[in-house]
Participant: 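My questions all concern the structure below.
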Number of protein chains: 2
Amino acid sequence: MNTIFSALAEPHRLHMVELLRDGPLTVGEIAQRLGLSQPQVSKHLRVLSEAGLVDVQPIANRRVYKLRPQSLQDIENWLGSFRRLWETQFDRMEAYLQVLQAKESKPD
Amino acid sequence: MNTIFSALAEPHRLHMVELLRDGPLTVGEIAQRLGLSQPQVSKHLRVLSEAGLVDVQPIANRRVYKLRPQSLQDIENWLGSFRRLWETQFDRMEAYLQVLQAKESKPD
DNA sequence: ATGGAATATTCCTGTCAAGGCATATTTGGA
DNA sequence: TCCAAATATGCCTTGACAGGAATATTCCAT
């Protein structure tokens with residue numbers, strides 16, 4: 001999970017992921033569309049690959065990169081544990097303040 | 001979106017967010033539970049706050065931090081645009097390979 | 001076999017961010 | 001008013017990472 005967020009933290013990499021959302025692309029195509037150098041793209045793709053966000057498929061000279069749906073599902077699952085935060089009115093702020101108050105008047 | 005991922009990319013910050021999932025906490029409590037120094041926690045909370053991931057509520061001496069559900073919803077929405085990747089069998093790899101083949105035999 | 005295209009890797013450099021420490025700031029209590 | 005607790009901020013150092021240029025690698029076509 002940490003690795004995934006780190007990979008997406010880089011603006012160009014995030015952009016690349018969003019670009020691949022519409023289908024697989026080769027390194028050169030990505031470089032061209034984003035106006036980046038080829039080595040730059042290769043290195044970013046390496047990071048994305050190691051984070052499990054993309055898959056490679058060598059075709060002759062080129063390498064076709066595509067998103068790996070599993071990684072996005074991982075994020076989805078992680079988000080799931082927070083879902084009650086906005087589905088229910090799960091705030092607990094008031095309850096917590098009372099706990100603080102209790103500690104005020106009766107510190108351990 | 002970029003800011004959010006950057007904030008979550010830091011292991012300690014990710015840990016803090018997961019800690020706040022169970023309810024609001026003060027700076028000191030977070031520092032204690034994660035075994036971090038107080039300034040360390042304050043600085044990380046600042047980043048999380050600027051990314052819109054947490055809210056603060058001053059109570060006397062202390063500051064109670066809580067998750068901001070809206071930010072998590074933002075991630076959810078972002079993920080939404082990728083959902084068809086795993087809901088439908090949206091691969092396009094085969095189709096793309098044919099496009100590549102076409103370019104092979106007929107380059108521009 | 002040779003050359004050229006597509007991609008990966010290496011080395012180098014500059015930048016930025018995290019951690020540690022000290023210190024400022026705010027607040028309540030004696 | 002003065003002190004102590006809780007938190008934030010500033011300064012400094014160090015490590016990691018992105019970008020650029022050059023080079024290595026792989027593959028196809030001739």
Side-chain angles (χ1 to χ4, degrees), chain A residues 2-17 20 24-51 54-66 96-97 99-108, chain B residues 2-17 20 24-51 54-66 96-97 99-108:
Chain A
N2 218 314
T3 315
I4 290 185
F5 286 136
S6 291
L8 296 175
E10 214 287 327
H12 288 147
R13 283 197 293 264
L14 180 59
H15 206 167
M16 290 167 64
V17 166
L20 290 174
L25 289 175
T26 67
V27 176
E29 287 171 325
I30 298 174
Q32 184 189 356
R33 301 201 191 186
L34 299 189
L36 302 177
S37 75
Q38 175 268 313
Q40 207 176 346
V41 172
S42 283
K43 284 188 247 180
H44 281 313
L45 283 172
R46 184 180 224 272
V47 176
L48 289 176
S49 175
E50 287 174 348
V54 299
D55 266 344
V56 205
Q57 177 153 353
I59 300 297
N61 237 359
R62 350 222 161 152
R63 288 176 162 243
V64 183
Y65 283 84
K66 62 185 275 277
Y96 187 77
L97 296 188
V99 173
L100 272 189
Q101 289 291 345
K103 288 182 183 173
E104 291 299 314
S105 52
K106 191 180 179 180
D108 34 19
Chain B
N2 217 313
T3 315
I4 290 186
F5 286 136
S6 292
L8 296 176
E10 214 286 328
H12 289 148
R13 283 197 293 264
L14 180 58
H15 206 166
M16 287 167 64
V17 167
L20 290 174
L25 289 174
T26 67
V27 176
E29 287 171 326
I30 297 174
Q32 184 189 355
R33 299 200 193 186
L34 299 189
L36 302 176
S37 74
Q38 175 267 314
Q40 209 176 344
V41 172
S42 283
K43 284 188 237 179
H44 281 314
L45 283 172
R46 183 181 224 272
V47 175
L48 290 175
S49 175
E50 286 174 348
V54 299
D55 266 344
V56 206
Q57 177 152 354
I59 300 296
N61 237 358
R62 351 221 159 153
R63 288 177 162 243
V64 182
Y65 283 84
K66 62 184 274 275
Y96 186 77
L97 296 188
V99 174
L100 271 189
Q101 288 291 344
K103 288 181 184 173
E104 292 297 315
S105 51
K106 191 182 181 181
D108 37 19

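So that the names make sense, note that chain A is the first sequence line, chain B the second, and so on, each numbered from 1.
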Participant: Identify the heavy atoms of B:A9 and A:N2 that sit nearest to each other, and give their distance.
Facilitator: O-OD1, 2.9 Å
Participant: Among B:I59, B:D55, B:V27, find the one that has a side-chain contact (heavy atoms from CB on, under 4.5 Å) with B:V64.
Facilitator: B:I59
Participant: Would you check, one step at a time, whether the test side chain to side chain contact (heavy atoms under 4.5 Å, CB included) holds for A:L20 with A:L25?
Facilitator: CA-CA 7 Å; A:L20 290 174; A:L25 289 175; 3.9 Å; yes
Participant: Report the residues that fulfil side-chain contact (heavy atoms from CB on, under 4.5 Å) with A:R46, sequence neighbours left out, ordered by chain and then residue number.
Facilitator: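 Checked A:R46 against side-chain contact (heavy atoms from CB on, under 4.5 Å); matches are A:E50.
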Participant: D:dA18 P sits how many Å from A:H12 NE2, rounded?
Facilitator: 11 Å
Participant: Rounded to whole angstrom units, what separation is found between the CG atom of A:L48 and the C1' atom of C:dA8?
Facilitator: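 Whole-Å distance recorded here is 15 Å.
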Participant: Please report, rounded to the nearest Å, how far the P atom of D:dC17 is from the CG atom of A:L14.
Facilitator: 18 Å
Participant: Whole angstroms only, please: what is the CG-P distance between A:L25 and C:dT7?
Facilitator: 11 Å
Participant: Send over the distance from B:E50 CD to C:dA18 C1', rounded to a whole Å.
Facilitator: 15 Å
Participant: Determine, for nucleotides 1-11 of chain D in 5'-to-3' order, which nucleotides have protein heavy atoms under 4.0 Å from the base (write B), from only the sugar-phosphate (write S), or from neither (write -).
Facilitator: ----BSBBBBB
Participant: B:L8 has an atom CG; how far is it from atom C1' of C:dA17, in whole Å?
Facilitator: 16 Å
Participant: Below 4.5 Å, heavy atoms only, C-beta onward: do B:V17 and B:L8 meet side chain to side chain?
Facilitator: yes
Participant: Less than 4.5 Å apart, side chain to side chain, heavy atoms only: is that true for A:V47 and A:E10?
Facilitator: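 In short, these two side chains do not touch, never coming nearer than 4.5 Å.
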Participant: Would one find a side-chain N or O of A:H44 under 4.0 angstrom from OP1 or OP2 of D:dC17?
Facilitator: no
